[in-house]
Amino acid sequence: MEKIVKNQLPSSLEARPIAMLVQVASRYDSTIYLQTGGKKVNAKSIMGMMSLNLRNGDEINVIVNGEDEEEALKGIESYLSNEK
């Protein structure tokens, strides 16, 4: 399951927001990858996520596979869309 999500977090993804994103991804059993700018990383890897260098407004391809993929996709999309 894949979906393009626009990063709506208020600032570039630095250490704290990335750590929170990794925590959100880690709640799910599914494998979760984020892809942008030709780079694809495991959303549960803090080092991988730091290497993406995401910015506000970036379009991110969220790739999810597993038993709870729909719920996982919604969780990641909600976080990146800055929904409360």
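Side-chain atoms are counted along with the backbone in the values below, which use heavy atoms only and exclude waters and symmetry mates.
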Transitively linked via ILVMFWY side-chain contacts under 4.5 Å: [X] with [Y]?
| X | Y | value |
| --- | --- | --- |
| I63 | Y28 | no |
| I4 | V62 | no |
| Y33 | Y79 | no |
| V24 | L73 | yes |

Do [X] and [Y] have side chains that approach each other closer than 4.5 Å (heavy atoms only, starting at C-beta)?
| X | Y | result |
| --- | --- | --- |
| K6 | S81 | no |
| V22 | S45 | no |
| L21 | I76 | yes |
| V41 | M49 | yes |

Could you give the distance from [atom1] ([X]) to [atom2] ([Y]), rounded to the nearest 0.5 Å?
| X | Y | atom1 | atom2 | answer |
| --- | --- | --- | --- | --- |
| N7 | N56 | CG | CG | 5.5 Å |
| L54 | I18 | CG | CD1 | 6.5 Å |
| Q35 | K39 | CD | NZ | 12.0 Å |
| L34 | L80 | CG | CG | 6.5 Å |

How close do [X] and [Y] get, counting heavy atoms only, and between which atoms?
| X | Y | result |
| --- | --- | --- |
| A72 | S30 | CB-CB, 4.5 Å |
| K44 | A25 | CE-O, 3.2 Å |
| I32 | N42 | O-OD1, 3.5 Å |
| G48 | S51 | O-OG, 2.6 Å |

- Query: Is there a donor-acceptor contact under 3.5 Å linking the side chains of N65 and T31?
  - Reply: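 No, no side-chain donor-acceptor contact under 3.5 Å.
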- Task: Taking atom types as modelled, find out whether N61 and E2 have a side-chain donor-acceptor pair closer than 3.5 angstrom.
- Result: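 The criterion, which ignores hydrogens and geometry beyond distance, is satisfied for E2 and N61.
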- Passing option when K3 is tested against E70, E69, E77 for salt bridge (Lys or Arg N to Asp or Glu O under 4.0 Å):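 Result: among E70, E69, E77, E77 is the only option passing the salt bridge (Lys or Arg N to Asp or Glu O under 4.0 Å) with K3.
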